[in-house]
Structures are given as structure tokens and as C-alpha cells.
Amino acid sequence: MSPMQNSYLTQSGTRRGLLAWVLSTDHKRIGLLYLVSVLSFYTVGVLLGLLMRLELLTPGKTIVQASTYNAFFTLHGVIMIFLFVIPAIPAIFGNFFLPILIGAKDVAFPRLNLLSWYFYIGGAILVVTALFAGGGPPDTGWTFYVPYSLRSGTNVSLAVFAAFILGFSSILTGLNFVTTIHRMRAPGMRWMKMPLFVWSLYATAWVQILATPIVGITLLLVILERLFGVGLFDPAKGGDPILFEHLFWIYSHPAVYIMILPAMGIITEIIPVFARRTIFGYKAIAYSSIAIAALGSLVWGHHMFVSGQSYTANVIFSLLTFLVAIPSAIKVFNWVATLYKGAIDTAPPFLFALAFIFLFSIGGLTGLIQGALSVNVYVHDTYFVVGHFHYVMFGGTGFAFFGGLHYWFPKMFGRMYSKGRATVALLILFVGFNMLYFSMFLLGLQGMPRRYYDYLPEFHTGHVVATVGSWVLVAGLILMFANLLHALRKGEKAEDNPWGGKTLEWRIASPPPPENFEEVPVITSGAYDYGAR
Amino acid sequence: MSTALLEHRDDAGAKIGMWLFLLTELLLFGGLFVLYSVYRFRHPGEFHDGAMELNLILGSVNTLILLTSSFTMVLSIAFLRLVKRGASLLALAMTILLGLLFLVNKYFEWSAKINHGIFPNSPELLARSHGEILFFGLYYVMTGLHGLHVVIGVLLLSIVMVWMVRGKITPDRDIFLENAGLYWHLIDLIWIYLFPLFYLIT
């Protein structure tokens, strides 16, 4: 693949061929294993999304039956959340770059790291099996709400067990990263000298460790309920479905921060490099990652404002929800302040970062609208919510992921892609994205409920715009990935430091040598020393 | 893949990893403890009736067994540090045996309950009040998950014992034994909470 000798891509140790990859404990190779597997499932998720939009092009039946549509949105959710957004940035870029960024040769537990990937693949295989096995694909939505998930005749148990296994993978990655950051930093790499991507991974890893077990036990209980009818969530036996919702969201809301924090970390790496300026407010950004992780763990109840939980709880959760916006806004202001008086280079990674700031801000602010109790009643379970979380998860995490891919691609593969084509792809993506998801805000305010197969004629225009937007979006995706795939084989050789970055990964060869560093680096300066301007 | 990686050794790091893992285990059980608290708060009377039906003697014996096994676990580590390999192996074997004994007791306890028609979704149980259905549901789920952990713990300790016999664990390389011990103590500790919640508080 690469002309370079002595890179992690060519040097495979004693094993040959595929085995040299699937049995490798090199964090860089494991990162690439995740890259290939995560992007494969992302493709499946995108196709399901595309089919959903196609179905909604006209009222009534367009291409599939209602039950198939239910399976579509359930699997689109399960695949996108558990197989793409949660593992994408920590498992791919975290694995690949965390050790390099702190000057280490590998993570603290390389074999456990490989085991995490096998758990990921095992969980993914179970999800795919749930599609085709006996009872048919699950139709509960990715939230698996009881009591319907206890009654549905579809393969809910299998899908739930898959999510449990994927949770295990996520926990092990988090545990590995926390230990790595505590134990493996190079001499002189003090906490306040760490690149901010590492800080964001650290905060993320803690959320993975602390929140995931809760959903683990909750999902196990759903399986036990289905197998043995214990009754803990079954109102007919005294169980309380609201408790399921609590336990589910105690994990699944913090999981949102597992998705967005590392994305913010990537943006924080990209902005100073392309503005040629020291990051503004290093400590504020580092601490705000921790603040988001901490506060974000206390807001799960805002998913349940209309569930019938106590009104006092609603008020507290609403207040805390508004508070989370503060550390997020701190980051946005710091990114923008870093740009001020910068010598800006509008390369593709930077444009992706700008798109992130724009889309994430819309996603964040519409989140506040739903955090207000009275408004929430109006927009709850409408397309407004769907638009909101796609702006945050796709416009935010997705675009940051693509930005990171374009930023680190030359380092990972030693090749440079066509910057012109990447920029065009981004513009198409941006237009398609806003057509697709901004329409959802308007549809939601008009009253279109989420997850419905059919709709009233007055929603038709909005749905047509959204569906056409989905085609534009996918065209952008195809162009973007085609450009990268082409560069993998035919791209010109990348320099060691094509963007002028100051962090450690830019001081080693592209692609990196198997051991990362010939000698242990000693850190004497900060990660973003571009001098005063 | 590289020799440097194979030689990489960080006992303190391995211990941090283990403690983080134990934290996730606590949170796993934590979800169940939350359910227990809420349902107990809602049905104090029925939880009282349910607890009266559990066998206090079997429960106490099992508590004694697990506490003793934690002690033999500590002895095993202490003996290894004193370079008394035989004594260390013996103490480890006793820990494993006590773990198995706990499971045997649990088996008889569960069987007795099941023979009386008390198990999830049984007609006998469904005829009772909601509070009692929930009490016995939690009893089976929580002691069952704990029992599963005992099984895993026994397997883990057995693997550690094989490693010790093969010389993979030595007085200056005892991190595997110590981490397995931490896991065993956690199992003990969770039982220390389960025992009063189900058997003592009536």
C-alpha cells in the first residue's frame, strides 16, 4: 500500500497476510481494523437511512410495508449509535493517535485492546444475525422501551444482547485509555501539556467506564424479562416501565457525550493548526471537557419530560440541561477566538471544522429549545427532535469524524488526497445535510411525529425536500470516500508534516514506524506553540 | 509483535485497570440496587414477608463461607510474598473450594424455593401480591448475577492456580494473583450487601 519501508503498514512481525492484522496488538493496526469495520457498518446505516427517506417521499406506501419501515428505523438507530457514532472517533482515531500524541509506543493493555475489537465484531455480527434470524428484525426503535420490547415477537433479545456486547467493547476501550493516559505519558508530558484531543478522550473514557455498565444491566434485564418473565419492568406484575426509562437514559444520555466529546477534541486539534495560532483558552477547553462529562451525566431525565415522572424532577433536569450548554459554549467561543487574527489556511480539514462549528451550534441551540419544559411538551417525539440530534450527531460528530479523517489521512497512510475534490465533496455534503435535516425542524414544528410511516398531505413538501436532500448528502459521501480511496492507491506521497502541526504525530514519519518513536520523546513545550501573534 | 511491547510491564498500571474494571462491576450491580431501593420503598410490607420466607441459616452459612474465602485469598498472596509457594497454592485451592461450596449451598437454596413453586412467572408466585413478585424477582436476578460472578471468580482463580504451578506467577511477579484476589474480594463485598438486604432486614 505504501512505498515507505519500516512503517506499521508494511512491517507485520512474524505473521503474514490477514492474520498479521486481525492478531496484531499494534494500536495503529487495531485503529485501522476499527476504521474498516466501522465504515462498513456506517455504509449499512446510511443505506437504511436512505431507504427510510425514500419511503417517506410520498404519503402512504412508497416502497415498503409499515412493519419493514419500523425495522428500518430501529436498525438505522442501533447501527448508527452502537456501531458508528460511539466507537468511531475513540476507537479509530483514539486508538491510532492517543499513544502517539502522548509520546507512547502503545496503549497500556495492547491485548485487551485487540479483545475490544473482537467484542465489537461479535456484537456487530449479532446485530446482523438479528436482521435475518427467526422472528425478523427488531421493530422497537433503538431505545428498546418496555413494555413493547417485552411483547414484540421480533429478535429483540438478540439485538439487545448485541448492544450489551458492544457496551463491553466500549468499557474496555475506556478503561484502557484512562490507564494509558495516567501511566504512559512521555517525560515532560504534564497534564496541562497534553494535546486537547487527549483531554477529550480522557473525559470520554470516564463516561464510558461509569455509564455503560448501567445500560448493560438494563439490557440484561430486558433479556431476562423476555426469557423468564421476572416482572421487574412489567406493570402487570408490579414492575415500573418508567424505571426502565431512567436506567436506560442514565447511560444513553451520557452516551451522547461519548459521541460528541472526542469530536470536539478533533476540532480543537484542527483549529489552531490551520489558524497558525496557539489555542485560545487551553485550560478552559480542557476543564470544559470534564465539566461536560460530569454535568452530562446528570441530565438524563430531559428525555422523560412527558413520561409522567415527578414535576420536581422535570424542573431540576431542565435546569441542569441548560447548565450543560455553558461548557459547550465555552469551547465554541474558544475556537472562534483562536481564529481571530490567525493566518488561516482553508484546507479541507479546516473547512470540515468550520462546518462542525456551524452545524453543532444549530444542534446545541435547538437542544436548549427542547430543554425548556413547556416547549418540550409541544415538540416532544416530533421531527424537531430528530432534526436536533442529527445536527449534533451527524453535523457534529459525523463532520468532525470526516474532518479528522482528512486531517490525519496523510499521516495514517502516507498519501495525500485531492484537496479540490475534498472541498467540493464537503460543499455537497453541507448543502444536502441542511436540506435533509433543517426540513425536519420545520416538519416538527408543524407537528409531524417521529417514527411514523404515514403522514398528512400538509407535511408532503417538507418530506420531499428532506428526501431530495438525502440524495444530495449521499452524493457528497460517495465523492468524499471515492476521493480518499483513490488517494490510498494513487495519491501523491505525503510529507511528514503536511499541515504544519506542532503535536507529536507530525514529528514522526508518514505513515508512522511500528514503534512510533525511535527514542522516547521528551516534551519541553506546549502542544500548540505557534508563538504570539 | 515487537519485543519491546512484550517486555512492557507496568504493575501499577495493571492494578489501575483492575480497579476501573471493579468500578464497572459495582455500577452493573448498582442498577439492580436502584431497582431494589425503589421497589422496597413502594412495598415495605411485602418485602418484609418475602424476607421472612428465605432460609436465614443457609444465607448465614454462605456469608461465613465467602468471608473465610476472602481470608484464604489474602493468605495466598501473603504466603507468595513470603516465598512459601506450597502454602500459597494451598490457600488458593481452599479459596476455590470455598467458592464451590458457596455454589452448592446456593443450588440447594434455589432448588428448595423452586420446589415450593416460587420462581419467576410461576403460577404460585403470580398469585401473590405485586410486592412479593418483585421481591422474589429481585432475589433471583441479584443472587443469580452474583452467583454467575462466583462461577467466573472460581474459573479465574483456577486459571491463576495453573499459572502459579507453571511458574508464570512468582513472588516478584504476583500481579495476576493480586488482581484475581481483588476480583474475589469484590464478589465477597457484594454478597455482604445482598445478605442483609434479602435475609436480615425483615
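A note on names: the letters A, B, ... follow the listed sequences, proteins ahead of strands, and every chain is numbered from 1.
- Ring centroid separation for the pair B:F29 and B:H149 comes in under the 6.0 Å cut-off.
- Among the candidates B:R128, B:E25, B:R42, the residue making the largest number of heavy-atom pairs closer than 4.5 Å to chain A is B:R42.
- Aromatic pair B:Y36/B:F47: centroids less than 6.0 angstrom apart.
- Contact of B:L23 with chain A is made through the side chain alone, with heavy-atom distances under 4.5 Å.
- At a 4.5 Å heavy-atom cutoff, the contact between A:L232 and chain B is made by backbone and side-chain atoms alike.
- Aromatic rings from B:W110 and B:Y140 are positioned such that their centres are separated by under 6.0 Å.
- Exactly one residue among A:I100, A:N95, A:D106 makes a side chain to side chain contact (heavy atoms under 4.5 Å, CB included) with A:K28. That residue is A:I100.
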* Asked: Between A:W300 and A:S252, is a side-chain hydrogen bond (donor to acceptor under 3.5 Å, both in side chains) present by the stated rule, with each step listed?
  -> CA-CA 8 Å; A:W300 75 85; A:S252 297; over 6 Å; no
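- Identified by a heavy-atom distance below 4.5 Å to chain B, the contributing residues of residues 223-230 of chain A are A:L224, A:F228, A:G229, A:V230, in residue-number order.
- Contacts of B:L138 with chain A are made by both backbone and side-chain atoms, with heavy-atom separations under 4.5 Å.
- Listed here is the closest heavy atom pair of A:R111 and A:T25: CG-CG2, 3.7 Å.
- Partners of B:D49 according to the salt bridge (charged side-chain N to carboxylate O under 4.0 Å, His left out) rule, which considers only residues two or more places apart in sequence or in another chain, do not exist here.
- Between chain A and the options B:A12, B:S122, B:G13, B:G137, heavy-atom pairs under 4.5 Å are most frequent for B:G13.
- Aromatic ring centroids of A:W191 and A:Y202 lie under 6.0 Å apart.
- Interface remark: B:L26 contributes no atoms to any contact with chain A (heavy atom separation under 4.5 Å).
- The side-chain tip of B:K168 points at the ring of B:F176 from less than 6.0 angstrom away and within 45° of straight on.
- Between B:F119 and B:F136, the distance separating the two ring centers is not shorter than 6.0 angstrom.
- Between B:H130 and B:H43, the gap from one ring centroid to the other reaches at least 6.0 Å.
- Per-residue counts of heavy-atom pairs under 4.5 Å with chain B were compared for A:N176, A:I217, A:D234, A:I171; the largest is that of A:I217.
- How far CZ of A:F244 is from OH of A:Y145: 7.5 Å, rounded to the nearest 0.5 Å.
- Most heavy-atom pairs under 4.5 Å with chain B: of the set A:G231, A:G239, A:G174, this distinction falls to A:G239.
- Proximity to chain B among residues 207-215 of chain A is limited to A:I209, A:L210, A:P213, A:I214, judged by heavy-atom separations below 4.5 angstrom.
- The contact between A:D240 and chain B is made by backbone and side chain atoms together, counting heavy-atom distances below 4.5 Å.
- Aromatic rings of B:F102 and B:H146 (six-membered ring for Trp) have centroids within the 6.0 Å cut-off, being under it.
- Judged as a salt bridge (charged side-chain N to carboxylate O under 4.0 Å, His left out), and not counting sequence neighbours, the contacts of A:R183 are B:D10.
- Highest contact tally toward chain B, considering only A:T179, A:V178, A:L172, is held by A:T179 [criterion: heavy-atom pairs under 4.5 Å].
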